[in-house]
Structures are given as C-alpha cells and as structure tokens.
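For reference, the structure is listed below as structure tokens.
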Amino acid sequence: RELGLTWVPETVADLQDEIQDQFNIPGFDQKLTFGPTVLSSKESLQSYSLRNGDSMTVEYTSEADVKEIVGVVSCLEKTLAFIESVQQQLFLFPIPPALQSQLQQNIDIEELDKLAMMSFSSSPLQRFMNVKVFLTSGGLTCLQRLHSLILQLPFRLMTIHLQLLEIGMSKLLWTLSSCPEAEAAVLKELKWDNIVQSLLRVT
C-alpha cells in the first residue's frame, strides 16, 4: 500500500504515527524495515538515507480501531476532568438544575458503549489489539479513576446521567475483564473491589 503524505516526517516515530493514522496499525506494533535494516523509532529518517519513493516493509500483528479508541479515551479524560471540577457539588441533594444541565452536556454514555462493542468486535487478534491500544493510551487508568470518583456518590441520589455513567463504566470494566484476548496486565490492574461494589449498586 502507498502512504500519502502532505508533509515530510522527521523521525521514524513520526512515520509510524502517519501509518497508524492512515492504516489503523498501532504505532507500538509496527516493525519497519528498509532493506535488511530494522528502523528504530528513536532515530531520524535522514539517518537511514531514506529518499522520496523508497519502499519499506511494515510488519504488524493486526489492525485496530485506533481512531475510535483514542477518541473514546479523550472523551473519558474530559469527563474525568469535569467530574473532578464539580465533585463537591455532586453531594448536594437535589443537584442544582444548572449542574444537571452541565452533566448532560459533559457525559457521553454512547462512547462507553462504543468501546465495549469494539472490545468484542472482529477477529481475536483485533480484539487483542483494541485492548492494547486502550491500555497504551491511558484508557484503563482514566476509566478507573473516574469509576472510583463516581462510587463515592450514593447511587440512589445520583442524577440519571451519573447513574448511566456508572452503569456504562461497570459494563465496560466487566467486558474488559472477561475478554479472552485481554492481557494479564488488564486483569492485574483492575480494581476488583470497585467492580463488584458497582455491580451490586446498579443491579
């Protein structure tokens, strides 16, 4: 396949980012070779004497839903930042209408559902890569921080958007824990007490 570039990458890492963007091949999974030489992501392209029109080989395990997963992680990060900024106000009952409106605007449950579906989509290899992309982009860390914050609130006093957020996060965490392709790192990092507590609250 031909890589179309509108700019000249300076480093191998820049080139890997472009390949990731255009072909959904995670940068961390790419092995680039130019002739007999394996390219290091830390080096500049100039150091390998690459020229316009040169061909190279890209070895990889599987494509992944990179753009979608990175988008979901970005949404999680924004939601986390918002919840942290209004955390003390969430203990008020009833929650002021203005804050309820803000919650509605800043919580996107569909993004969590999208990620849960991607975790079980396509081939086993792609599921494995989707989970790995989620991990390397900081998704699990962000998800569990957000989940821990929400667990501090009484479920029955939460607004519908916060309840749906907790349900969505619980479903996603359970999906990740039960995904056969999930790495041992996922199972090791999961806060099981929080997952069980949340499942008991939302069922």
_Val133 versus Pro26, closest heavy-atom pair with distance_ = CG2-CG, 3.8 Å

*asked:* Check for me, please, whether Ile167 and Trp192 land in the same ILVMFWY cluster - side-chain distances under 4.5 Å, paths through other members count.
replied: yes

_Any heavy-atom pair between the side chains of Asp65 and Gln126 that's under 4.5 Å?_
yes

*How many angstroms lie between atom CZ of Arg201 and atom CD of Gln163, to the nearest 0.5 angstrom?*
9.0 Å

*Looking just at side-chain N and O atoms, do Glu18 and Gln22 make a donor-acceptor pair shorter than 3.5 Å?*
yes

*asked:* Less than 4.5 Å apart, side chain to side chain, heavy atoms only: is that true for Asp108 and Thr79?
replied: no

*Taking a hydrophobic cluster as the set of Ile, Leu, Val, Met, Phe, Trp and Tyr residues connected by side-chain heavy atoms closer than 4.5 Å, whether directly or through intermediates, do Ile109 and Ile83 fall within one such cluster?*
yes

_Same apolar cluster (I L V M F W Y, side chains within < 4.5 Å links), Leu190/Val196_ = no

*Atom pair OH/CG of Tyr48 and Leu39 - distance to nearest 0.5 Å*: 4.5 Å

*Drop me the distance from Glu77's CD to Ser137's OG, to the nearest 0.5 angstrom.*
8.0 Å

*Using modelled atom types only, decide if a donor and an acceptor are shared between the side chain of Gln100 and the backbone of Ile95 within a distance under 3.5 Å.*
yes

*Leu140 and Val131: side-chain contact (heavy atoms from CB on, under 4.5 Å), yes or no, with the steps?*
CA-CA 9 Å; Leu140 183 59; Val131 171; over 6 Å; no

*asked:* Would you say that Met129 contacts Phe28 through its side chain, given a criterion of any heavy-atom pair below 4.5 Å between the two side chains?
replied: yes

*Close side-chain approach of Ile19 and Leu32, heavy atoms under 4.5 Å*: yes

_Ser101 side, atom OG; Leu99 side, atom CG - distance, nearest 0.5 Å_ = 9.0 Å

*Kindly give the heavy-atom pair with the smallest separation between Gln30 and Gln20, and that separation in Å.*
NE2-N, 3.6 Å

_If hydrophobic clusters are built by linking Ile, Leu, Val, Met, Phe, Trp and Tyr wherever their side-chain heavy atoms come under 4.5 Å apart, do Leu165 and Leu199 end up in the same one?_
yes

*In sequence, state the C-alpha distance, the side-chain angles, and the governing distance for Val12 and Lys42, and then conclude on side-chain contact (heavy atoms from CB on, under 4.5 Å).*
CA-CA 7 Å; Val12 174; Lys42 299 178 181 179; over 6 Å; no

*Measuring from Leu164:CG to Glu110:CD, what's the distance to the nearest 0.5 Å?*
11.0 Å

*With no hydrogens and no angle check, is any side-chain donor or acceptor of Asn130 less than 3.5 Å from a backbone partner on Ala64?*
no

*Hey, does Cys142 have a side-chain heavy atom less than 4.5 Å from the side chain of Phe134?*
no

*asked:* Using modelled atom types and a 3.5 Å cut-off, is there a donor and acceptor pairing between side-chain atoms of Ser74 and backbone atoms of Gly71?
replied: no

*Search all heavy atoms of Ser85 against all heavy atoms of Gln89 and return the closest pair with its distance.*
O-NE2, 4.5 Å

*Sequence-distant partners of Lys171, salt bridge (charged side-chain N to carboxylate O under 4.0 Å, His left out), two or more places apart*: Asp113

Would you give me the side-chain donor-acceptor pairs under 3.5 Å for residues 145-160, sequence neighbours excluded?
residue	atom	partner	partner atom	Å
Arg145	NH2	Glu84	OE2	2.7
His147	NE2	Ser198	OG	3.1
Ser148	OG	Gln144	O	2.9
Ser148	OG	Asn194	ND2	3.1
Gln152	OE1	Gln87	NE2	3.1
Thr159	OG1	Leu162	N	3.4

*Taking Glu63 for the side chain and Asn24 for the main chain, is one N or O donor matched with an acceptor at less than 3.5 Å?*
no

*Are any non-hydrogen side-chain atoms of Val58 and Lys31 less than 4.5 angstrom apart?*
no

*What distance do Asp29 atom CG and Lys132 atom NZ have between them, rounded to the nearest 0.5 Å?*
6.5 Å

*Distance-only, no hydrogens or angles: does the Thr11 side chain make a donor-acceptor pair with backbone N or O of Asp14 under 3.5 Å?*
yes

_Heavy-atom pair of closest approach, residues Asp54 and Ser49_ = OD2-O, 4.0 Å

_With a 4.5 Å cut-off on side-chain heavy atoms, are Val73 and Leu143 touching?_
no

*Sub-4.5 Å side-chain heavy-atom contact between Thr57 and Phe34*: no

